Asks: 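Following this message is one structure expressed as structure tokens.
Worth saying up front: this structure is predicted, and the values here are computed from it rather than measured.
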Amino acid sequence: MKNTDKARKPGRKKPASRKQPAAAQSRRKGFWRILLRLALLGLVLLAGWMVYLDAQVTSRFEGRRFEVPSRVYARPLELYSGAPVSAAALEQELALAGFHKGDGSRSGSYQRSGGRFLISSRGFDFPDGKEPRRHLALNIAGDQVQSLKVVKGPDSGIVRLEPAQIGGIYPAHQEDRILVQLDKLPELLPAALMSVEDRSFYDHHGIAPLSIARAILANIRAGGIVQGGSTLTQQLVKNFFLTREQTLLRKGNEALMSILLELHYSKSDILETYLNEVYLGQAGTRSIHGFGLASQFYFAEALEDLLPHQLALLVGMVKGPSYYNPRRHSQRATARRNLVLDQMQQAGLLGESDAQRARSLPLGVSDKASFSQNRYPAYIDLVRRHLARDYKEEDLRSEGLRIFTTLNPAMQMAAEKAVTETLPRLGDEALESALVVTAKDSGEVLALVGGRDPRYAGFNRALDASRQIGSLVKPFVYLAALSQPQRYTLITPLQDTRFTLKFENGTVWQPKNYDGLERGEVPLHQALSKSYNLPVVRVGLDIGLAEVKSTLQVFGTSSAISDYPSMLLGAVAMTPVNVAQIYQGLATSGFNTPLRTIREVTDAGGEPLSRYSLQVNQVADPAAVHLLQYAMQETMQEGTGRSAYNTVPRALALAGKTGTTDDGRDAWFAGFSGDLLAVVWVGRDDNGATRLTGASGALPVWSNFMAQVPQNSFTPVVPDGVQYHWVNVQQQALTDEQCENARLMPFITGSEPKQTITCAGALPQKIRGWFEGLFQ
């Protein structure tokens with residue numbers, strides 16, 4: 001038997017011994033080939049990823065880096081000898097504009113002793129020029145500036161304080177910032193920031209391996225995260241491009257993007273962007289970004305005015321704005337600030353004595369933010385609607401526009417107080433209200449309240465509550481009549497008696513007075529001042545519904561007006577703002593002035609974009625309007641508005657009109673002084689009945705407001721074509737001043753009575769003249 005196994009074994013082993021090294025070699029080669037291919041693939045992917053990241057970095061930096069909200073300012077307070085402002089109102093405005101109590105010599109501070117003020121203004125870049133910083137001394141008495149002296153700074157007879165910021169139009173993500181430029185910052189700020197956050201900022205290329213190693217070592221020793229190794233560039237990349245998740249992938253992207261950022265942009269560019277981007281706090285839904293806004297938010301000061309201990313606090317807060325919030329955690333914030341001061345001293349930025357003094361100071365944080373988000377939501381709502389005529393919403397949210405409005409903070413506070421104080425006294429918790437205040441001659445909206453809660457940013461009744469206006473329509477009916485002097489004068493007798501109208505469709509309408517009474521014959525002026533319904537319907541039907549409708553439209557009514565006679569009693573729906581618009585023409589003797597809330601808009605750099613000038617259109621005969629104003633003054637003295645003088649000083653001459661709709665669903669009052677026009681609506685959102693009238697519901701709110709603010713009496717200039725005569729209204733005749741029932745009243749020339757009576761009775765003018773001539 002052949003030993004085939006022996007013969008074959010060597011043969012099987014030899015090939016195996018040759019193949020194994022070859023296979024291993026082949027496997028190694030395959031491994032390296034795969035590794036090489038993977039490496040190449042990785043490099044390709046990395047290169048592609050770098051291209052992608054580079055595009056991300058450059059696109060953000062090449063384009064608009066920040067969305068900056070538009071800022072809305074109140075009108076500036078002008079101070080001069082004789083300026084109408086009370087001491088309390090001035091102090092409120094100073095607080096609103098971010099001034100704080102102090103010695104009155106440091107920028108942004110004031111000192112008050114009774115009516116004496118020391119004020120140190122900050123200066124402000126107005127659209128028409130820069131208002132410099134000044135130290136002021138003024139004295140207020142009797143709701144008026146008695147004396148004003150510029151203690152320091154350029155002398156001037158009129159000084160404008162910086163306007164209060166009353167709101168903003170913010171980006172959708174609610175970021176807010178004030179952009180600052182590196183060359184205009186206090187030098188100490190970037191130096192202090194780098195001494196704490198990144199000492200080798202000007203030496204590295206985006207990442208600092210040694211810093212990272214030191215941080216790792218420190219964290220290992222401490223057993224936790226006590227030190228970060230991120231450079232300012234890395235921090236900016238994280239805030240600008242990435243999320244806050246702690247993953248290796250994010251850290252890798254952060255490092256790559258930091259290197260790319262440093263490749264493309266200068267250190268100064270990166271540092272300035274960081275100073276504007278860093279998150280430093282939260283105000284409600286609004287996030288505070290950048291040192292510029294943080295300075296205003298925490299100290300009510302411009303960044304260039306901050307002292308070293310204040311800069312140190314802001315720098316310290318970069319590590320944790322919420323944790324070191326100085327308003328909530330003053331001890332933590334103080335400890336953090338002092339640590340930063342220590343590091344500033346070690347870096348040679350502060351001398352030992354300066355650092356020691358800074359550590360001994362209080363934080364110096366203002367009690368509350370110098371401005372909050374849209375503190376007057378109803379007013380800002382109207383501003384936005386006016387802006388929408390000329391600007392896109394996205395531009396308002398991102399371009400950093402400066403919008404200078406007509407809002408008068410003192411008026412606004414008085415208006416809010418009038419609503420919040422008066423409504424609870426009316427006895428129905430469901431009652432709502434709206435109040436619109438305008439400057440009588442210019443049509444500027446000075447104040448606006450949209451509801452019972454002035455801070456509620458929801459349904460704006462001043463703009464959106466379209467309600468029937470009731471008797472507020474009557475002045476326009478009578479104006480249409482008085483514009484025909486050959487037919488109507490203030491003493492024209494009108495029938496206050498019931499009548500019935502039958503329409504073609506068979507329906508019947510029978511108007512009646514609010515009190516249900518009928519008074520027979522009443523003169524026109526009395527029918528208006530007492531707000532009788534029956535006479536006004538008769539007059540309206542006589543001159544024609546089309547004429548009344550046309551009168552309302554030329555005065556600015558934007559609402560649809562029905563062609564039914566019920567419109568003569570106010571079956572016309574309008575918003576309070578619309579009512580203010582049509583009454584503006586009555587207050588200005590027939591010269592309609594479109595209401596406006598904006599004076600000027602500038603871009604972020606202060607360049608004017610839009611200027612909203614005063615517009616005046618004559619829409620009615622001033623002579624006829626003058627007669628109507630007489631009757632509206634009578635309303636306040638003898639008619640439905642007379643209870644206003646329970647609150648308002650009797651010496652203040654006013655004109656106005658009440659309005660009430662069925663079941664008291666709407667109570668209105670519209671009236672004006674020599675300076676102001678105010679319109680008040682009171683009612684329920686569900687249109688439910690109330691027990692109120694214009695006199696008992698809206699007038700108390702109106703009177704409360706008018707009693708709070710300094711203003712002048714309404715003393716209209718007698719226009720050409722109007723003459724005053726002493727008349728006996730009942731006799732429809734001219735009479736002597738000393739006669740009983742004599743009343744001095746205006747007439748359009750030629751429309752005065754032809755008959756004359758004396759105190760002894762009727763006496764024709766010719767006979768009277770004959771007797772007078774006989775005894776001369």
Asks: Whether the E421 and N704 side chains hold a donor-acceptor pair (N or O, under 3.5 Å, no angle test) is what I'd like checked.
Replies: yes
Asks: Salt-bridged, R455 to D453, with N to O below 4.0 Å?
Replies: no
Asks: Using a 6.0 Å cut-off, check whether atom CD of Q738 has over 12 heavy atoms from anything other than its own residue.
Replies: yes
Asks: Distance-only, no hydrogens or angles: does the Q708 side chain make a donor-acceptor pair with backbone N or O of A414 under 3.5 Å?
Replies: yes
Asks: Spell out, as yes or no, whether a donor-acceptor pair under 3.5 Å connects the side chain of D515 to the backbone of L517.
Replies: yes
Asks: Per the side chain to side chain contact (heavy atoms under 4.5 Å, CB included) rule, which among V682, T693, T658, T660 passes with F669?
Replies: T658
Asks: Checking T749 side chain against G721 main chain: does a donor-acceptor pair fall under 3.5 Å?
Replies: yes
Asks: Please tell me if the side chains of T735 and T756 come closer than 4.5 Å, counting only heavy atoms from C-beta onward.
Replies: no
Asks: Within a reach of under 6.0 Å around CD of Q510, are more than 12 heavy atoms found that belong to other residues, nucleotides or ligands?
Replies: yes
Asks: Between H626 and Y724 (judged by ring centroids, cut-off 6.0 Å), do the two rings come close enough to count as a pair?
Replies: yes
Asks: Taking salt bridge (charged side-chain N to carboxylate O under 4.0 Å, His left out) as the cut-off, I'd like each qualifying pair that reaches into residues 572-599, sequence neighbours left out, listed once.
Replies: E444-R596, E444-R599
Asks: In plain terms, say whether D542 and R538 are close enough for a salt bridge, that is, a side-chain N and a carboxylate O under 4.0 Å apart.
Replies: no
Asks: If you count the non-hydrogen atoms of other residues, nucleotides and ligands that lie under 6.0 Å from CD in Q615, is the total more than 12?
Replies: no
Asks: Do E432 and R684 come within less than 4.5 Å of each other through their side chains, counting heavy atoms only?
Replies: no
Asks: Write down the atom of Q412, the atom of A447, and the distance for their closest heavy-atom approach.
Replies: OE1-CA, 3.2 Å
Asks: Are any side-chain N or O atoms of K657 and backbone N or O atoms of P475, one a donor and one an acceptor, separated by less than 3.5 Å?
Replies: no
Asks: Applying salt bridge (Lys or Arg N to Asp or Glu O under 4.0 Å), name anything that partners E638, two or more places apart in sequence or on another chain.
Replies: R743
Asks: Considering non-hydrogen atoms only, spot the tightest contact between F714 and A587 and give its length.
Replies: CE1-O, 4.1 Å
Asks: Give me the atom names and distance for the closest heavy-atom approach of L699 to S643.
Replies: CD2-OG, 3.2 Å
Asks: Less than 4.0 Å between a side-chain N and a carboxylate O, is that true for D675 and K440?
Replies: no
Asks: Taking all atoms of both residues into account, what is the closest heavy-atom pair of G556 and N592, and its distance?
Replies: N-ND2, 4.1 Å
Asks: Checking the side chain of N460 only, and the main-chain atoms of A378 only, is there a donor and an acceptor separated by less than 3.5 Å?
Replies: yes
Asks: Search all heavy atoms of Y379 against all heavy atoms of L407 and return the closest pair with its distance.
Replies: OH-N, 3.0 Å
Asks: Should the heavy atoms of other residues, nucleotides or ligands under 6.0 Å from CG of N741 be counted, would the total exceed 12?
Replies: yes
Asks: Could you check whether any side-chain heavy atom of L628 comes within less than 4.5 Å of a side-chain heavy atom of L490, counting everything from C-beta outward?
Replies: no
Asks: Do Q584 and F672 touch side chain to side chain, with heavy atoms closer than 4.5 Å?
Replies: no
Asks: Can any side-chain N or O of T635 pair as donor or acceptor with the backbone N or O of A631 at less than 3.5 Å?
Replies: yes
Asks: Please assess R665 against D686 for the test salt bridge (Lys or Arg N to Asp or Glu O under 4.0 Å), listing each intermediate value before the final yes or no.
Replies: CA-CA 9 Å; R665 298 179 194 279; D686 61 4; over 6 Å; no
Asks: Testing the basics here: between V539 and A481, what is the closest heavy-atom pair and its distance to 0.1 Å?
Replies: CG1-CB, 3.6 Å
Asks: Quick check, are the ring centers of F476 and Y583 under 6.0 angstrom apart?
Replies: yes
Asks: Can you tell me if R487 uses its side chain to pair, donor with acceptor, with the backbone of Q484 under 3.5 Å?
Replies: no
Asks: Verify, without hydrogens or angle tests, whether N408 (side chain) and M411 (backbone) share a donor-acceptor contact under 3.5 angstrom.
Replies: yes
Asks: So do W668 and V680 actually touch side chain to side chain, heavy atoms under 4.5 Å?
Replies: no
Asks: After noting the C-alpha distance and the side-chain angles of T661 and D666, does the key distance pass the side chain to side chain donor-acceptor pair (under 3.5 Å) rule?
Replies: CA-CA 5 Å; T661 60; D666 303 282; 2.8 Å; yes
Asks: So, using side chain to side chain contact (heavy atoms under 4.5 Å, CB included) as the criterion, who are the partners of T575 when residues are at least two apart?
Replies: S466, V577, N578
Asks: Should the pair Y73 and F404 be assigned to parallel (<30°), tilted (30 to 60°) or perpendicular (>60°) ring geometry?
Replies: parallel
Asks: Tell me whether R461 is salt-bridged to D685, with the criterion being a basic N under 4.0 Å from an acidic carboxylate O.
Replies: yes
Asks: Would you indicate whether K549, at its atom NZ, is surrounded by more than 12 heavy atoms from other residues, nucleotides or ligands within a distance under 6.0 Å?
Replies: yes
Asks: Please confirm whether the backbone N or O of L595 pairs with a side-chain atom of Q581, one donor and one acceptor, at under 3.5 Å?
Replies: yes
Asks: Using modelled atom types only, decide if a donor and an acceptor are shared between the side chain of T422 and the backbone of V419 within a distance under 3.5 Å.
Replies: no
Asks: Mind checking whether M706 and S673 have side chains closer than 4.5 Å, heavy atoms only?
Replies: yes
Asks: Looking at Y564, I want to see if its OH is surrounded by more than 12 non-hydrogen atoms of other residues, nucleotides or ligands under 6.0 Å.
Replies: no
